[in-house]
Trainee: 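Structure below; questions to follow.
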Protein chains: 2
Amino acid sequence: MKKYRGIGLKLTPQRLAILEYLDGNREHPSAETIYAEMRKKYPMISFATVYKTLEALKNKGRLHELTIDPERRRYDPDTGQHHHLICIQCKKIVDIHAELPVTVPDDVEQSFDLVGNHIEFYGICQKCKTERRT
Amino acid sequence: MKKYRGIGLKLTPQRLAILEYLDGNREHPSAETIYAEMRKKYPMISFATVYKTLEALKNKGRLHELTIDPERRRYDPDTGQHHHLICIQCKKIVDIHAELPVTVPDDVEQSFDLVGNHIEFYGICQKCKTERRT
DNA sequence: GTTACTGCAAAGCTTTTGCATCCCT
DNA sequence: AGGGATGCAAAAGCTTTGCAGTAAC
């Protein structure tokens, strides 16, 4: 696919599959999930390839590694500034694209060169809220 | 130590050592670090005991598990609401105890029952800033 | 033709678990 | 005395790595 040229990586069928899967994906999948999805189309793809490709994409700035889930790493193809909402029950992660200004205390401002921030909201999603009642 | 009675856990020497080490600790140590520190005083303590104790303290609400570091879990004995500042170079984690109000978009407010939030600030600390120049 | 990528299997880390023994309450 | 905690070692996950063969450029 032409849209992926110029990344600075060789475009193998495996990588194209991963790139296409991630493109526009808002599910913040884990490597395991990505591997499972890839195997549907490319049963011969290996775990190592998935991990190495994710690493490569991360280094190229095409992917963000999320540290939200303590069990495993999750990946986010949306590399723009945004925040996340996590359902503490089903662990679903939802994007929040609103601009949320936060002011930092003066003493912090002076002792650190700030480069960014990330807000995690915790809550219970609609689905879990409903299921809890039953 | 009397201050630890009523936790609902048996106070063994190992646990007291861990509790005392964590008390007022602002370093967000990993299990590995805690284990290493414990071995200085109690060379016979095992890894399993450290992990099981951390798990027990977490379940009792005496400890927060941080998911900031993708490499390993870190623990925070400060269970009150606060935020964190992370040096992207040396990975040092500093507490921010200021109240930082953040407003959530309406559509989010309606679809989730919010229970809390956590802000991570990224930057470069004074020390790394200085070392970088040299 | 080079260089980078793939796939396999093995290794590396962190974290968990089973179980017999021990000791706090 | 009883039930929880300890320690050991083994196992379980997730992630990384070495290497020979292969394919993209």
Side-chain angles (χ1 to χ4, degrees), chain A residues 1-22 28-60 62-75 91, chain B residues 1-22 28-60 62-75 91:
Chain A
M1 270 200 164
K2 298 184 179 181
K3 66 189 292 190
Y4 298 120
R5 280 191 296 196
I7 297 181
L9 298 172
K10 284 187 180 175
L11 294 179
T12 64
Q14 294 90 332
R15 284 189 172 170
L16 277 174
I18 294 175
L19 282 166
E20 280 169 24
Y21 171 69
L22 289 175
H28 314 85
S30 64
E32 176 74 45
T33 301
I34 295 168
Y35 174 59
E37 287 299 317
M38 290 308 95
R39 278 179 63 108
K40 291 180 182 171
K41 284 186 179 176
Y42 294 84
M44 76 299 292
I45 199 172
S46 79
F47 237 128
T49 298
V50 173
Y51 272 101
K52 285 170 183 168
T53 296
L54 293 175
E55 179 69 18
L57 291 173
K58 200 176 69 183
N59 290 337
K60 292 289 180 185
R62 288 236 158 200
L63 203 57
H64 271 179
E65 202 174 73
L66 301 182
T67 58
I68 288 175
D69 186 340
E71 310 291 319
R72 62 193 55 76
R73 299 183 192 183
R74 300 233 200 163
Y75 296 90
K91 309 296 178 191
Chain B
M1 270 202 165
K2 299 183 178 179
K3 66 189 293 191
Y4 299 121
R5 280 192 296 199
I7 297 181
L9 298 173
K10 284 189 180 174
L11 293 180
T12 63
Q14 294 89 332
R15 285 189 171 169
L16 278 173
I18 294 174
L19 282 166
E20 281 169 24
Y21 172 70
L22 288 175
H28 315 85
S30 64
E32 176 73 45
T33 301
I34 296 168
Y35 174 60
E37 287 298 317
M38 290 308 96
R39 277 178 65 107
K40 291 180 182 172
K41 282 186 179 177
Y42 294 85
M44 76 299 292
I45 199 172
S46 79
F47 237 131
T49 297
V50 172
Y51 272 101
K52 284 170 184 168
T53 296
L54 293 175
E55 179 68 19
L57 291 174
K58 198 176 70 183
N59 290 337
K60 292 289 180 185
R62 288 236 157 201
L63 203 56
H64 270 180
E65 203 173 73
L66 302 182
T67 58
I68 288 176
D69 186 340
E71 309 293 316
R72 67 199 94 263
R73 299 185 191 180
R74 299 231 200 166
Y75 295 90
K91 309 296 179 192

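Quick note on labels: first sequence line is chain A, next is B, and so on, each numbered from 1.
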Trainee: Expressed in angstrom and rounded to an integer, what is the separation of Y35(B) atom OH from dT15(C) atom P?
Mentor: 14 Å
Trainee: Ignoring hydrogens, what is the shortest heavy-atom contact between Y35(B) and S46(B)? Give both atom names and the distance.
Mentor: CE1-C, 3.7 Å
Trainee: Write down the distance between CG (L16(B)) and P (dG4(D)), rounded to a whole number of angstrom.
Mentor: 19 Å
Trainee: Measure CG/D69(B) against C1'/dT15(C) and give the value in whole Å, please.
Mentor: 15 Å
Trainee: Can M38(A) and I34(A) be said to form a side chain to side chain contact (heavy atoms under 4.5 Å, CB included), step by step?
Mentor: CA-CA 6 Å; M38(A) 290 308 95; I34(A) 295 168; 4.2 Å; yes
Trainee: How long is the line joining CD1 of I7(B) and P of dG4(D), in whole Å?
Mentor: 17 Å
Trainee: Just the rounded figure in Å: distance from P of dT15(C) to CD of E32(B).
Mentor: 9 Å
Trainee: Of the residues in residues 40-52 of chain A, which ones touch DNA chain D at a heavy-atom distance under 4.0 Å?
Mentor: A48(A), Y51(A), K52(A)
Trainee: Any side-chain N or O of R72(B) under 4.0 Å from OP1/OP2 of dC13(C)?
Mentor: no
Trainee: Taking CZ from R73(A) and P from dT15(C), how many angstroms apart are they, rounded to a whole number?
Mentor: 11 Å
Trainee: Please answer whether the main-chain N or O of T53(A) pairs with a side-chain N or O of R15(A) as donor and acceptor at a distance below 3.5 Å.
Mentor: no
Trainee: I would like to know whether T33(A) and Y75(A) meet side chain to side chain contact (heavy atoms under 4.5 Å, CB included); could you show each step before the answer?
Mentor: CA-CA 10 Å; T33(A) 301; Y75(A) 296 90; over 6 Å; no
Trainee: Would you kindly give the CD-to-C1' distance between E55(A) and dT6(C), to the nearest whole Å?
Mentor: 16 Å
Trainee: Measure across V50(B) and I18(B) and return the closest heavy-atom pair with its distance rounded to 0.1 Å.
Mentor: CA-CD1, 4.2 Å
Trainee: Is there a side-chain contact between R15(B) and the phosphate of dT6(D), meaning an N or O under 4.0 Å from OP1 or OP2?
Mentor: yes
Trainee: So, does Q14(A) get its side chain near the phosphate of dG7(C), meaning an N or O under 4.0 Å from OP1 or OP2?
Mentor: yes
Trainee: Is there any protein nitrogen or oxygen under 3.5 Å from a nitrogen or oxygen in nucleotides 23-25 of chain C, and what are the pairs?
Mentor:
{"unit_1": "dC24(C)", "atom_1": "O2", "unit_2": "K10(B)", "atom_2": "NZ", "d": "3.2"}
{"unit_1": "dT25(C)", "atom_1": "OP1", "unit_2": "L11(B)", "atom_2": "N", "d": "3.0"}

Trainee: In whole angstrom, what separates R74(B)'s CZ from dT15(C)'s C1'?
Mentor: 17 Å
Trainee: If we check side-chain contact (heavy atoms from CB on, under 4.5 Å) with L19(A), which of these qualifies: L9(A), L11(A), L63(A)?
Mentor: L11(A)
Trainee: Tell me the closest heavy-atom pair linking P70(A) and E65(B), and the distance in Å.
Mentor: CB-OE1, 4.1 Å
Trainee: Could you measure the distance from the CZ atom of R74(B) to the CG atom of D69(B)? Nearest 0.5 Å is fine.
Mentor: 5.0 Å
Trainee: Can you see which heavy atom on I45(A) is nearest to which on R39(A), and at what distance?
Mentor: CG2-CG, 3.9 Å
